[in-house]
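What follows is one structure encoded as structure tokens, with my remarks underneath.
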Amino acid sequence: MKKHDLLRSGDSIIRVLDVQDDRILMIDCLKHSMPVWVESELLESYVGCTGGELFGVSSVDVIGDTDALDADQRKIMHERYTMIAPILPFISDDKVRSKLICSIAEDYQVSKQTIRNYLCLYLSYLDMAVLAPKKRKNERGLSENEKNMRWALNKFFYTTKKQSLMTAYTMMLKERYCDAMGVLAEEYPSFYQFRYFYRKTRKMQNFYISRDGLKNYQRNNRPLIGEGVQEFAPAVGVGMLDATVCDIYLINDEGNLVGRPILTACIDAYSSLCCGYSLTWEGGVYSLRGLMLNIIADKVTWCRRYGISIQKEDWDCDRLPGTFVTDMGSEYKSENFEQIAELGVTVVNLPSYRPELKGLVEKFFDLIQEMYKKHLKGKGVIEPDYQERGVHDYRKDACLTMMDFEEIILRCMIYYNSQRIIENFPYTEAMIADKVKPYASCIWEWGKSLIGANLIGVDGRELMLTLLPRTTGKFGRTGLKVNKLRYHCEGYTEQYLTGGTVTVAYNPEDVTSVWVIENGIYTEFTLIESRFKGKDLVEIQELQSDQRAITKNEMRNNLQAQIDLAQHIEAIAGSACKASGHMDVHMKNIRSTRKREQMKNHQDYMKEGRYYG
């Protein structure tokens, strides 16, 4: 009989923990009671036993391989072994063992019985794995009532109708717990059971998406665990585009109310600098053209037009960002704007209803409007309650013109770019070493010199020609025909004679010129019909339409006149043939006959003139 031997007698299995003379320290491996000393002659009936036999009759699930445990199980297993490890060297001494159990229980804030249980369990099997907690068994299947609750939640609660929990419960009773006459059954789950099942099974992601939709979830509820715009804008050169209607009413120079202007802006995603803006009464592609021109404009000269003096470094942006990030607005998806890719610019269209993906430009509008609104209250600024019934009509307060408001907007943008502190910008060690100030203009200036900055220099005329709408022109003998108008240019005689089509850029606001695009080169053609010079395309189309309408209205009269003419001719010819009796025509002496007829019909026009006079 040796230390750590397993012995068995009938249904009892013990483990020998220590041997001293005729005494043996043993532990009952099935009852898991504390070790006790017994006389060796009491164990004479016991025979050797294997660990497999112990595991076979034991009620404890022992995992033979600790690698099969998950991280939490291994952590708890080692924590429990750490508790009992100081006791193991003194397992033979009852007094010391009891003192250690008391002190360990106090240190770990657990009961003494818990320490005893861990100790007995380990001594019985001498395997640390028995200290690991059991894995939870698979959840039981749903009862019939729970299946009905789940059905009711999916059908009536997790929908875009946003029914209340009580309504879903009522509908469940109506559909599943009433007979054909609508009488409620004797037994049915209570609302508290229904609510408990809902709370136990609720998943917030499913709740938000099913009731508010996926796009609302992505915009307002999804976890914000990304790094921000720096994920796709690691350097200067990613411009975010958007437009908004300003919260202010304006008047014209005569004092008449005009309405609310549209502000279109481009914000650099890396530095948050406002690269350019457009303040207009028109939106769409028109405002985008103004924005593109403003981006490449010299901002010092631009501000001087409004009596504002700035330094070059306050707003040093005169090149296009290499990437434009836009939403699914029709103006951004139009072919006109996508033509800007010919300059090397990449256009990225974000999914619809995802403003958070271009949050910098959205925040820019909020900041700019907050800057001026608090100073312009009572001067046409709209308050949040402007759509409520009986509220003050803010249109009556309007007193600023577009010129006044643009000067205010410019002042706000200069502050935004060069004086607003960006507190949470992710500074790098290099930025700290260079002592870059936390202003958008300073970050922009520093970022322009880095590798990866993506800015494109472009001429204003080339930019505007690129953004002009395009159509197909057709060469012919009458010139180049575009939009039902004729154009010409020196050096294209061969094309006029051979015909063919070509891509043409045109300005709908002035049809005086069009530009033929060949291999990226724009060749100007001028209008042949001078009566249309200086007019816009819509006006000319209206003139042509009016002319066609007039012609169409006279078509019946023209047909009637042709019919009358044919009748007169036939009548005259018929009477002449009848008078001549179809005599044979004499073909001889034609010259003399002609001369006689000339003398016969010759008239003195001077006399005739006096007669008619």
Side-chain angles (χ1 to χ4, degrees), residues 1-139 200:
M1 192 178 297
K2 295 182 295 184
K3 193 174 182 179
H4 298 159
D5 280 352
L6 279 173
L7 303 175
R8 181 171 187 172
S9 176
D11 295 334
S12 177
I13 299 178
I14 66 170
R15 184 182 292 279
V16 176
L17 300 178
D18 198 3
V19 178
Q20 292 181 2
D21 298 331
D22 294 333
R23 294 195 309 159
I24 294 175
L25 182 65
M26 50 81 69
I27 185 171
D28 191 322
C29 297
L30 300 180
K31 294 182 179 179
H32 301 151
S33 56
M34 287 294 287
V36 294
W37 286 99
V38 299
E39 298 295 330
S40 58
E41 41 184 56
L42 295 177
L43 304 179
E44 290 180 355
S45 62
Y46 283 80
V47 295
C49 177
T50 63
E53 293 181 54
L54 173 61
F55 295 149
V57 299
S58 174
S59 61
V60 177
D61 295 330
V62 180
I63 301 175
D65 186 6
T66 56
D67 292 337
L69 301 173
D70 59 31
D72 288 337
Q73 286 178 306
R74 285 196 297 270
K75 172 178 175 291
I76 295 173
M77 176 186 70
H78 287 294
E79 286 177 350
R80 291 175 176 177
Y81 182 78
T82 303
M83 290 183 189
I84 64 173
I87 308 173
L88 297 177
F90 306 99
I91 199 66
S92 303
D93 192 332
D94 296 347
K95 292 183 179 179
V96 176
R97 186 178 67 198
S98 297
K99 288 181 180 179
L100 288 174
I101 290 173
C102 292
S103 64
I104 292 172
E106 185 177 351
D107 291 342
Y108 285 93
Q109 297 294 309
V110 296
S111 68
K112 290 182 285 185
Q113 186 58 42
T114 299
I115 301 298
R116 294 191 190 100
N117 291 339
Y118 295 159
L119 181 62
C120 294
L121 200 59
Y122 176 75
L123 292 175
S124 298
Y125 298 91
L126 293 181
D127 188 346
M128 195 187 302
V130 298
L131 299 176
K134 296 180 182 178
K135 286 186 177 179
R136 287 187 176 182
K137 295 182 179 179
N138 293 334
E139 296 183 0
K200 185 177 69 172

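How far CE of Met34 is from CD1 of Ile101: 4.0 Å, rounded to the nearest 0.5 Å. Between atom CH2 of residue Trp37 and atom CG of residue Leu17 there is a gap of 9.0 Å, rounded to the nearest 0.5 Å. Expressed to the nearest 0.5 Å, how far CE of Met26 lies from CG of Asp5 amounts to 13.0 Å. For the atom pair CD (Gln20) and OG (Ser40), the distance works out to 12.0 Å, reported to the nearest 0.5 Å. For the atom pair CD1 of Ile84 and CD1 of Ile115, the computed distance is 8.5 Å after rounding to the nearest 0.5 Å. Atoms CG and SG, from Leu121 and Cys29 in turn, are 10.5 Å apart once rounded to the nearest 0.5 Å.
Side chain of Ser111 to main chain of Thr114: a donor-acceptor pair is present (N/O by atom type, distance under 3.5 Å, no hydrogens or angles). A donor-acceptor pair under 3.5 Å is formed between the side chain of Asp93 and the backbone N or O of Lys95. Side chain of Glu106 to backbone of Ser103: no donor-acceptor contact under 3.5 angstrom is found. Formation of a donor-acceptor pair under 3.5 Å by the Arg15 side chain with backbone atoms of Ile27 is not found in this model.
When every heavy atom of Asp127 is checked against every heavy atom of Val130, the shortest pair comes out as O-CG2, 3.0 Å. Nearest heavy-atom pair across Pro133 and Arg80 is N-NH1, 4.0 Å. Heavy atoms only, all atoms of each residue included: Met77 and Ala129 are closest at SD-CA, 3.8 Å.
At least one side-chain heavy atom of Glu39 sits less than 4.5 Å from a side-chain heavy atom of Asp22. Residues Asn117 and His32 fail the side-chain proximity criterion, which asks for heavy atoms closer than 4.5 Å. Put simply, the side chain of Leu54 reaches to within 4.5 Å of the side chain of Leu30, judged on heavy atoms. Side-chain contact check for Leu119 versus Ile91: some heavy-atom pair is nearer than 4.5 Å. A 4.5 Å side-chain heavy-atom check between Phe90 and Lys99 finds every atom pair outside the cut-off.
Within 6.0 Å of atom CD in Glu41, 12 or fewer heavy atoms from other residues, nucleotides or ligands are found, so the atom counts as exposed in its surroundings. Around atom CG of Asp107, more than 12 heavy atoms belonging to other residues, nucleotides or ligands sit under 6.0 Å away.
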Open item on the list: Under the criterion side chain to side chain contact (heavy atoms under 4.5 Å, CB included), I'd like the reasoning laid out for Leu88 against Leu123: C-alpha separation, chi angles, the key distance, then a yes or no.
Closed with: CA-CA 9 Å; Leu88 297 177; Leu123 292 175; 3.9 Å; yes

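Note on Asp72 versus Lys75: no salt bridge recorded, every NZ/NE/NH1/NH2 to OD/OE distance being 4.0 Å or above.
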